[in-house]
Amino acid sequence: MNKEKKEEILKTPKGMHDILPEEGRWWDKVRKATEKVTEFYGFQKIETPILEQAVLFSRTVGEDTDIVQKEMYTVKTKSGDTLALRPEGTASICRAYLEHSLSKAAPMQKFWYEGPMFRYENPQAGRLRQFHQIGLEVLGGVADPMYDAQVIIAMYRLLEDLRIKNITLRINSIGCKVCRPAYKRQLQAYYKNNLKKLCGDCNKRYKDNPLRLLDCKNEKCQPYKEDAPNFFDKLCSSCSTHLKSVLEYMDELGVPYILDNQLVRGLDYYSKTVFEFYAEGENSWALGGGGRYDYLMEMLGGKATPAVGGAFGVERIVETMKSQGVSLPERTPKKVFIVHVGDLAKKKALKIIEELRHAGISVTEALSKDSLKAQLKAADKEGAAIALILGQKEIFEGNIIIRDLKNSLQESVPTERMVEEIKKRLK
Ligand code: HAM
């Protein structure tokens, strides 16, 4: 016998997930809150392609970063271009700003974006290969610490609006072109005699990106981090004043923070302020992070342009909301449930649904079910106020039954009066 081979059911690629309807309700909540906050603080929505030239990220995020070295999904096109699935949003927004000369529209502009990002990471809780970010960027104008504070406060308010508790904000300054080189040398001098005791990654960081020595999570490197030189003592006067001013804004706004001199971030484009948000007592991962990136536009061939921004990971926010017991709004039940008895009624039902749509009355059905009992049960489950029952007899008489699902009273009314009668009952 010729046994047909059964195809296996395919799954999403590792570290990537479907967002099914029930899960989607959490995402809607995050999206709605984001729209409110960004609207309030004057951020305009911007969308950029998911694929960009790979060089966009190697130039900005940094050739030596984990993101570019190990985590970027690259694609070679038929014409030989090397594109990358975006691992983050900031570089794309700056590319768009330069490409479309957006600075001409206004000296300073605020943008926000949402969408999937891709990093080839080792998937684990809160760490995915396709994840989603919500990001805010302030581009142009002057390098005013007030904008750092405004990005931070907008992000903080979003977490608050989502009822996330125990928010911890960590802030640091990683200096600028003036003061950072001397600090890096000092870090190298401090670590020099202990290189053999550090992990392999730190040995690499020591050479390529010494600031990242402070970001190592490896157990054996922790004791050395504790006594590492403190950047606060080495900041130039401009960076030191900038940091002080950002902190004063936070004090003024009543936003609590932890000054964390070991916070360095995993992307190379930052200067001065860097920050991260956590939900204390929950997971160890950051809900979001960001900072100032005054040199990024120059990395892309543009003029020196002050900029600051931050981004949240949506999956991490949703997980935190769930684990903290945040509730979702009750689903609004449809007002009307249409019940059919027989094939002819089923045919008419779709037309009635259209009439109700036209009248602005929400309606649903279980037309795949034939039994009256099963349909009424579904209507009950939906929480509808009214069932419209249509059978052979009603069709021939030009009527429809309106049944009040609260008290089970029902009445047969001429179909032309259906909308009017429903509206009366829904009042
Ligand atoms: P980031 O810290 O790399 O910064 O990412 C921001 C947030 O995205 C993280 O705090 C985290 O919530 C989420 N995230 C990152 N990687 C993953 C992952 N593999 N799985 C799940 N969630 C993840 C940036 O991307 C910068 N562009 C932020 C920024 C905007 N800086 C200035 N403007």
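Residues: numbered from 1 along the sequence shown. Order of listing sets the numbers, starting from 1, for every ligand and every atom in it.
Within ligand 1, counting atoms from 1 as listed, the ones closer than 4.0 Å to a heavy atom of Ala286 are 10 (O), 11 (C), 12 (O). Those atoms of ligand 1 that come under 4.0 Å of a heavy atom in Tyr270, given as number and element, are 26 (C), 28 (C), 29 (C), 31 (N), 32 (C). Counting the atoms of ligand 1 from 1 in the order shown, those under 4.0 Å from a heavy atom of Leu267 are 3 (O), 4 (O). The ligand atoms of ligand 1 that sit less than 4.0 angstrom from a heavy atom of Gly289 are 10 (O), 28 (C), 29 (C). Every atom of ligand 1 is numbered from 1 in the order shown, and the set under 4.0 Å from a heavy atom of Ala311 is 6 (C), 7 (C), 28 (C), 29 (C), 30 (C). Taking every heavy atom of Arg127 and a limit of under 4.0 angstrom, the matching atoms of ligand 1 come to 19 (N), 20 (N).
Residue-to-ligand polar distances place Glu121 within reach of ligand 1: an N/O pair is separated by less than 3.5 Å. Considering backbone and side-chain atoms alike, Leu287 places an N or O below 3.5 Å from some N or O of ligand 1. On a distance-only criterion, Gly310 and ligand 1 share at least one N/O pair closer than 3.5 Å.
Residue Trp285 does not touch ligand 1, judged by heavy-atom distances below 4.0 Å. Counting heavy atoms under 4.0 Å from ligand 1, residue Val308 does not touch it at all. Counting heavy atoms under 4.0 Å from ligand 1, residue Tyr269 touches it through the side chain alone. Counting heavy atoms under 4.0 Å from ligand 1, residue Glu276 does not touch it at all. At a 4.0 Å heavy-atom cut-off, ligand 1 touches Glu137 through the side chain alone. At a heavy-atom cutoff of 4.0 Å, ligand 1 is contacted by no atom of Phe277, backbone or side chain.
Here the protein heavy atom with the shortest distance to atom 4 (O) of ligand 1 is Arg265 NH2, 2.9 Å. Nearest protein heavy-atom neighbour of atom 23 (C) of ligand 1: Phe131 CD1, 3.4 Å. Scanning the protein for heavy atoms near atom 10 (O) of ligand 1, the closest one is Gly288 CA, 3.2 Å. Among all non-hydrogen protein atoms, the one lying nearest atom 20 (N) of ligand 1 is Leu128 N, 2.9 Å. When hydrogens are left out, the protein atom nearest atom 21 (C) of ligand 1 is Gly126 O, 3.2 Å; that is the closest non-hydrogen contact. In this structure, the protein non-hydrogen atom closest to atom 11 (C) of ligand 1 is Arg316 NH1, 3.4 Å. The nearest protein atom to atom 13 (C) of ligand 1, hydrogens excluded, is given as Gly313 CA, 3.5 Å; this is a heavy-atom distance.
In this structure, Leu300 and Thr60 have side chains that are in contact, with non-hydrogen atoms separated by less than 4.5 Å. Side-chain contact between Ile171 and Val274 is absent, with no heavy atoms from C-beta onward closer than 4.5 Å. Residues Pro116 and Arg86 form a side-chain contact, since some pair of their non-hydrogen atoms from C-beta on lies under 4.5 Å apart.
Look at Arg157 and Glu160 and you find a salt bridge, because one of the NZ, NE, NH1 or NH2 atoms lies within 4.0 Å of a carboxylate O, short of that distance. A salt bridge is defined here as a Lys NZ or Arg NE, NH1 or NH2 lying under 4.0 Å from an Asp or Glu carboxylate O, and Arg127 with Glu315 fails to meet this definition. With respect to the salt-bridge test (charged N to carboxylate O, under 4.0 angstrom), the residues Arg170 and Glu276 do not qualify. At a threshold of 4.0 Å, the pair Glu298-Lys303 does not count as salt-bridged, since none of the basic side-chain nitrogens sits closer than that to a carboxylate oxygen.
When the heavy atoms of Val274, Thr90, Leu296, Leu136 are ranked by distance to atom 30 (C) of ligand 1, first place goes to Thr90. Compare Glu319, Glu88, His132, Gln133 by their heavy atoms: the one nearest to atom 5 (O) of ligand 1 is in Gln133.
For Glu71, the heavy-atom gap to ligand 1 stays at 4.0 angstrom or more. Assignment of Gly135 to the shell around ligand 1 is not supported, since no heavy atom sits closer than 4.0 Å. Using a 4.0 Å cutoff on heavy atoms, Glu315 does not count as a contact of ligand 1.
Pairing each heavy atom of Ala349 with each of Leu390, the nearest pair is N-CD2, 4.4 Å.
Annotation: cation-pi pair Lys45/Tyr113 absent, no NZ/CZ under 6.0 Å from the ring centroid and within 45° of its normal. Annotation: cation-pi pair Lys234/Tyr183 absent, no NZ/CZ under 6.0 Å from the ring centroid and within 45° of its normal.
A ring-centre distance under 6.0 Å is not found for Tyr269 and Tyr295. Aromatic ring centroids of Tyr191 and Tyr206 lie 6.0 Å or more apart.
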Test log, rule salt bridge (Lys or Arg N to Asp or Glu O under 4.0 Å), inputs Asp404 and Lys406: CA-CA 6 Å; Asp404 185 325; Lys406 299 260 149 50; 5.9 Å; no
Residues Glu52, Ser92; criterion side-chain hydrogen bond (donor to acceptor under 3.5 Å, both in side chains); working and verdict: CA-CA 8 Å; Glu52 294 272 6; Ser92 304; 3.1 Å; yes
Donor-acceptor list for residues 9-22 side chains, cut-off 3.5 Å, not counting sequence neighbours:
from, atom 1, to, atom 2, distance (Å)
Thr12, OG1, Met16, O, 2.9
Glu22, OE1, Arg331, NH2, 2.9
Glu22, OE2, Arg25, NH1, 3.4

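Considering only residues two or more places apart in sequence or on other chains, Arg180 meets the salt bridge (charged side-chain N to carboxylate O under 4.0 Å, His left out) condition with none of them.
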